[in-house]
Every structure is written in C-alpha cells, then in structure tokens.
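Worksheet: one structure, shown below.
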Number of protein chains: 2
Amino acid sequence: VDEFEIIRTYFATQPETRADVVLGIGDDAALLRVPLGHELVATTDTLVAGVHFLADTDPADLGYRALAVNLSDLAAMGAEPAWATLSLTLPDAEPRWLEGFCRGFYELSREFGVQLVGGNLAHGPLNITVGAYGHVPVDTALRRDGAGVGDAIYVTGVLGDAALALNHVLGRQLLDAVAFASVRARLVRPHPRVAEGLRLRGIASAAIDISDGLLADLGHVLAASGVGARIELSRLPVSDVYRGEFARAGWEPALTQGDDYELCFSVPPGRVAALEALTPMLGCRITRIGEAVSEAGLTVLDASGHRYVARHAGYDHFTQHANKGN
Amino acid sequence: VDEFEIIRTYFATQPETRADVVLGIGDDAALLRVPLGHELVATTDTLVAGVHFLADTDPADLGYRALAVNLSDLAAMGAEPAWATLSLTLPDAEPRWLEGFCRGFYELSREFGVQLVGGNLAHGPLNITVGAYGHVPVDTALRRDGAGVGDAIYVTGVLGDAALALNHVLGRQLLDAVAFASVRARLVRPHPRVAEGLRLRGIASAAIDISDGLLADLGHVLAASGVGARIELSRLPVSDVYRGEFARAGWEPALTQGDDYELCFSVPPGRVAALEALTPMLGCRITRIGEAVSEAGLTVLDASGHRYVARHAGYDHFTQHANKGN
C-alpha cells in the first residue's frame with residue numbers, strides 16, 4: 001500500500017465540503033477563510049495507544065474519539081467548529097483499521113459540518129494527533145479566566161459515567177452487563193457539547209471542558225480567574241447507574257477521573273435568569289453545583305456541610321508514569 | 001515531573017508574543033486573528049523516532065527540524081508564518097531533552113516571528129507533531145495546480161546535500177570530514193525558504209517544497225496542474241561537495257532523496273523577466289532546470305539529450321516499510 005493511495009482512498013474522499021475551504025487536502029497546506037469579524041480558534045490533542053486507549057479498541061471508536069476530544073475543546077471556547085487536520089502515525093497500513101477509523105471520524109465530522117483539510121501519514125507506533133479549528137465573533141470566546149466572585153458554577157449533563165466504564169474495562173470495579181452497556185458510550189463515544197458552548201456565549205463568564213476530572217479542570221478555571229469556589233457534593237449530577245454504584249464507587253470517579261467531556265462554566269448572578277431561560281433549548285440538563293468565592297482554592301462540601309478531601313487531583317501523564325515505577 | 005509544570009517551564013515561556021494572538025497557551029484553545037483580506041494557511045507534519053530521525057539525534061536539531069519542515073510547507077504556499085502548535089509524545093520527561101528541544105525550536109520560531117500558541121503533551125513512544133499557521137492575501141497563495149504549458153521550472157538553492165549527509169550518517173556512502181561538515185547542516189537544520197516564498201507571490205504559477213525528492217515533488221505539481229515537464233540534468237544546481245562526490249553518487253541523491261526543503265516552482269514566460277529582476281533580493285540562487293510541456297509525465301534528459309530513468313521515485317512511508325520486509 002502506498003502513502004498517497006491511502007490518502008486518496010481514505011482521506012481525500014472525506015464527506016464534508018465547506019465553502020470556506022479554498023484548498024483542502026492535496027497541497028502543501030490548506031487555505032481557509034475565517035469569517036469577517038471572527039477570531040480563529042485552534043486546538044490539538046493526541047491519543048496514544050496503550051495510554052489513552054487499549055490496543056484492541058475498535059478503530060471506529062478511536063476515530064470518533066480523536067475528533068471528539070478536540071471538538072470538546074472548541075465547545076469549551078464557545079467556538080463553531082469548521083475544519084480539522086489529522087496526523088496519523090501507524091505501525092501498518094491495514095485497510096480494515098483505516099476504514100473503521102475513518103467511519104468513526106467522519107460520523108462525528110459530518111454531524112458538526114467539520115471538513116478534514118490536511119494532515120500527515122507516517123510509519124511508527126500508533127499515535128493519533130488531531131487539530132481542530134473553528135471561529136468565534138471577536139471578543140465573545142468563553143475563556144478560563146473570566147470567572148468572578150459570586151458567579152454560579154454549573155456543569156452540563158452528568159459526571160462520572162465515563163469513569164465507571166473505564167474502571168470496568170480496567171477490571172477495577174466491575175459493573176453488571178446492563179449498567180456497563182448504559183455507561184460505555186460515555187467512554188468510547190463522548191459527545192462534545194458544541195451546541196451548548198455556542199449557546200453559552202454572552203452568558204457564561206468562563207468555561208472549560210472536563211477531560212481530567214471536575215476538580216482538576218474547575219481548578220484551572222479558578223487559577224486562571226484568580227478566585228476560589230465552593231461546590232456541594234449533594235448537587236453533583238450523576239446518572240441512575242452511578243447512583244446504583246455509589247456505595248462502591250463513592251464520589252471519586254465523578255470528581256477526579258475525567259473523560260466526561262461535559263462543560264463546567266461560571267455565570268455571573270445577573271445572567272442566571274438568562275441562562276435559565278435558555279435551558280429548554282439546550283440538548284442536556286445543566287446543574288448548578290456551587291459558586292465562586294474570594295477565598296482561594298476549591299472547597300468541596302459533603303451533604304453534612306463537612307469538607308470533603310479527594311484522594312486524587314486528576315489525571316497527569318507524567319506523574320502517573322512516574323508512579324508506575326514506584 | 002508534572003505535566004503542567006513542564007508546560008509552564010518549557011512552553012508557556014516561549015519567546016515570541018505577537019499582537020494577533022488574543023489567547024495563547026493555557027486555555028482549551030488558542031484565539032488568533034487572521035488579518036483582514038487574508039486566508040488562513042494551515043499545515044501539519046510529524047517526526048517519528050527511528051523513521052525520520054535516529055534515536056540519538058541532538059534534541060535541539062529535532063526541535064529546529066520539526067518546526068522547519070512545517071514552515072517549509074508555508075513557504076511553498078507563499079504564506080507568512082505566524083503561529084505554531086506542538087504535540088509532543090515523550091517516553092520520559094527529561095529536562096535536558098526538553099531544554100534542548102525548545103532551544104532548537106525557539107531558535108527558528110524567533111527567526112520567523114512565530115509564536116507557539118498551544119499543543120499537547122503525552123506519554124508514549126517519541127512522536128513530534130507540529131502544526132504551523134500563517135496567512136496570505138486572498139487569492140495570492142502559491143498552489144500546486146497552477147503550472148501551465150510553457151512555464152519555466154525553477155528550484156531554489158542546491159539539491160542533494162541533505163541526501164549526501166543522510167547517506168553518510170546511514171553508512172551508505174561515507175564522506176570525508178570536511179565534506180560532511182559542509183553538508184550536515186542541510187540535513188539537521190534545513191532552512192525553510194519562507195522569504196523566497198513570499199517574494200514569489202504574483203510571479204510563480206505553482207510551487208512545492210522538496211521534501212520527498214525533486215522528481216516526486218515536481219511530479220505532484222505536474223499531476224495537480226495537468227501538464228508534463230522536461231528537465232535537464234546538466235542544469236541541476238548542486239554544491240561543490242556534491243560535484244566532488246558525483247562519480248560515486250550520480251544524480252540519484254539530488255533527484256530522488258529529498259530532505260532539501262528547497263522550493264520548486266513554475267513561472268509563466270511573461271513573468272520570467274520579473275523573476276530575474278527579483279533575483280538579487282532573494283537570499284539564495286535560483287536555477288531554471290526545465291519547462292512545463294503538454295505531453296504528460298516528467299522527462300529527465302542527461303547532458304547528451306538522452307532520457308534518464310531514475311531508480312527510485314521518492315520516499316514513501318508505507319512502501320519503504322513494505323520493502324523492509326522483503
């Protein structure tokens with residue numbers, strides 16, 4: 001199999017063709033038109049075999065997930081996704097793997113009208129790096145540094161289901177078949193909250209997507225904004241499956257494991273009414289879990305009002321690695 | 001070592017700060033401003049340990065090269081470089097390696113005023129994926145598909161030195177110490193022809209950078225443009241070192257090995273005078289090596305006017321890999 005033939009067969013045939021793509025795959029670089037009065041929003045994320053996924057993962061799920069985690073970053077900025085690049089390092093050019101990967105990738109790219117406009121194909125240990133690009137009207141992006149004291153803190157959807165699914169797959173805490181079937185999609189096909197991010201422009205004062213765990217990611221918002229926060233465990237939105245597992249799992253998966261790709265965002269008191277008016281238009285529930293305070297740090301309170309101390313702060317690649325050796 | 005600390009220490013401190021970067025490293029995505037009336041130009045390229053470089057390569061050379069090959073793609077579009085992203089997958093977070101890598105990367109990014117605006121850090125087999133972004137005024141980009149019958153075909157600089165250096169490193173054809181010292185930089189520190197690409201806007205009808213070898217890359221231009229070409233070996237620009245090695249090396253390294261990162265471009269007859277007027281302003285020589293013809297395919301003529309047939313068409317990742325098994 002020849003490199004250019006792979007590109008022709010699997011990538012040059014991708015389904016989306018946007019009017020703002022002057023030149024897509026097939027030149028030294030892509031030529032793209034950012035709408036007048038908009039800023040370019042650019043992000044990139046990598047999935048590595050054996051670290052972010054198991055070697056036997058369905059390639060369609062990988063293709064979906066590799067794009068999803070990037071679109072989630074655009075969602076957290078309130079950006080409208082437009083284009084993607086794919087840098088694929090592969091041990092072999094297996095047609096079945098490539099076909100499956102593209103199927104998953106294109107399923108999601110089509111949903112959001114994202115066109116694959118370039119990339120790179122190389123030989124080596126499996127590594128999937130996607131770049132995702134979108135735009136926002138000037139000065140409307142949702143950033144991490146805009147939360148103010150008194151802002152209400154919200155999350156979209158439910159937390160912890162992806163973690164339960166991962167813990168099951170890793171043999172840490174087994175679920176029954178029905179429960180696993182219900183949470184599995186949250187792990188292998190996280191749905192980026194793009195529509196929600198767009199709706200939150202002009203309402204949220206800060207936002208982030210929850211990839212490393214609520215505590216770690218909300219912590220980034222607080223650090224960037226120079227505020228603290230108090231959240232209440234009794235308010236954390238979890239699924240019925242999570243509630244059923246609660247006696248064994250406790251709060252840790254929902255607080256610290258990540259992979260949910262929900263949005264966590266802050267809303268100034270004066271805009272809470274606007275947010276509530278918006279709620280029926282959102283594709284998911286939103287839940288107020290606490291508020292920003294002037295005292296630095298993130299305080300987590302349990303149902304009795306006592307301070308809860310999490311065992312882990314969130315996923316970190318290199319400390320996890322260092323710990324492996326201990 | 002902690003992932004965020006690595007980002008803070010090595011990447012958040014990068015030297016360039018551009019006014020068109022609304023938000024750089026440290027949020028879910030970067031916010032960037034493309035100038036009014038310009039198109040965004042986006043490219044990405046990957047270097048894999050053991051494939052694109054040897055494991056003991058000086059990390060500063062790797063950092064330089066990882067950015068250089070991307071800026072070369074922007075140069076081939078006639079784009080002005082502005083921003084970069086870096087997705088780094090590392091087996092270990094070695095401070096010495098990271099410090100060296102950044103030194104090389106920043107040396108080049110500073111030269112071209114490119115700001116690192118985001119990226120990703122993951123644990124796994126060494127893989128370096130850089131994204132480079134720039135802009136061109138609408139409708140002025142140099143593309144592969146613009147060459148017309150009768151256009152003169154040019155290359156910048158000299159060809160084949162990077163290949164000689166690689167062949168020496170791989171033990172295929174040893175050079176003496178003086179010769180190697182002279183060509184080594186062409187392999188480890190290819191200098192992207194950004195300034196030349198910018199000057200060629202409005203003059204060249206098509207352009208490409210020579211990464212896979214002159215024959216392969218010019219072949220891409222011809223295929224995209226729907227024309228053929230005839231080039232003459234006696235016109236190929238090579239260095240004194242290359243001339244000294246010619247008896248052993250022949251034309252193959254200059255024609256088929258790539259890694260030169262020179263530009264190959266076509267110029268319509270009516271603009272040749274404008275190109276010649278420009279020559280003193282370019283930082284390198286340019287050489288007319290042939291012309292585009294209506295008959296499909298690339299014909300290479302030797303000094304006696306006979307057709308020369310190259311042994312290899314250019315580097316291809318997956319066929320090279322397949323060949324390894326044979």
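In what follows, chains are A, B, ... by sequence order, proteins preceding strands, each numbered from 1. Computed over heavy atoms, backbone and side chain alike; hydrogens, waters and symmetry mates excluded.
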Kindly say whether B:Arg144 contributes a backbone atom to a donor-acceptor pair with the side chain of A:Asp27 at under 3.5 angstrom?
yes
Let me know if B:Ala42 has heavy atoms under 4.5 Å from chain A in its side chain, its backbone, both or neither.
both
I'd like to check the side-chain hydrogen bond (donor to acceptor under 3.5 Å, both in side chains) partners of B:Glu196; sequence neighbours left out, ordered by chain and number.
none
Side chains of B:Arg143 and A:Val22 in contact at under 4.5 Å (non-hydrogen atoms):
yes
Option in A:Ala132, A:Ala207, A:Ala224, A:Gly26 with maximal non-hydrogen atom pairs under 4.5 Å from chain B
A:Gly26
Would you please test A:Glu39 and B:Leu23 for side chain to side chain contact (heavy atoms under 4.5 Å, CB included) and show each step?
CA-CA 10 Å; A:Glu39 289 164 352; B:Leu23 195 57; over 6 Å; no
From the list B:Ala49, B:Pro125, B:Gly134, B:Ala29, the residue making the most non-hydrogen contacts under 4.5 Å with chain A is B:Ala29
Out of A:Gly118, A:Gly119, A:Gly37, which one racks up the most heavy-atom pairs below 4.5 Å with chain B?
A:Gly119
Side-chain contact test, heavy atoms from C-beta onward, threshold under 4.5 Å: evaluate it for B:His38 versus A:Val34 and give yes or no.
no
Does a sphere of radius 6.0 Å around CG in A:Leu170 hold more than 12 heavy atoms from other residues, nucleotides or ligands, not counting ones at 6.0 Å or beyond?
yes
Should B:Tyr133 and A:Leu40 count as side-chain neighbours, where that means a heavy-atom distance under 4.5 Å?
no
What residues, two or more places apart in sequence or in another chain, satisfy side-chain hydrogen bond (donor to acceptor under 3.5 Å, both in side chains) together with B:Asn127?
A:Thr89, B:Thr129
Measure B:Val136 against the heavy atoms of chain A and call it side chain, backbone, both or neither at under 4.5 Å.
side chain
What do the steps show when you test A:Thr44 against B:Thr85 for side-chain hydrogen bond (donor to acceptor under 3.5 Å, both in side chains), and what is the final call?
CA-CA 8 Å; A:Thr44 180; B:Thr85 55; 5.2 Å; no
When only pairs under 4.5 Å are counted, which of B:Thr43, B:Leu31, B:Asn70 shares the most heavy-atom pairs with chain A?
B:Leu31
The test is salt bridge (charged side-chain N to carboxylate O under 4.0 Å, His left out); show your working for A:Asp28 and B:Arg193 and say whether it passes.
CA-CA 13 Å; A:Asp28 291 293; B:Arg193 296 294 188 191; over 6 Å; no
Which atoms of B:Val41 approach chain A - backbone, side chain, both or neither, heavy atom under 4.5 Å:
both
Which pair of heavy atoms, one from B:Ala122 and one from A:Val48, lies closest together, and at what distance?
CB-CG2, 4.0 Å
Interface moiety of B:Ala79 toward chain A, non-hydrogen atoms closer than 4.5 Å
neither
If I measure from the heavy atoms of chain B, does A:His220 come under 4.5 Å with its side chain, its backbone, both, or neither?
side chain
Side chain, backbone, both or neither: which part of A:Ala30 has a non-hydrogen atom closer than 4.5 Å to chain B?
both
Per-residue contact mode, B:Leu36 against chain A (heavy atom under 4.5 angstrom)
side chain
For the residue pair A:Asp45 and B:Ser87, establish whether any side-chain heavy-atom pair is separated by less than 4.5 Å.
no
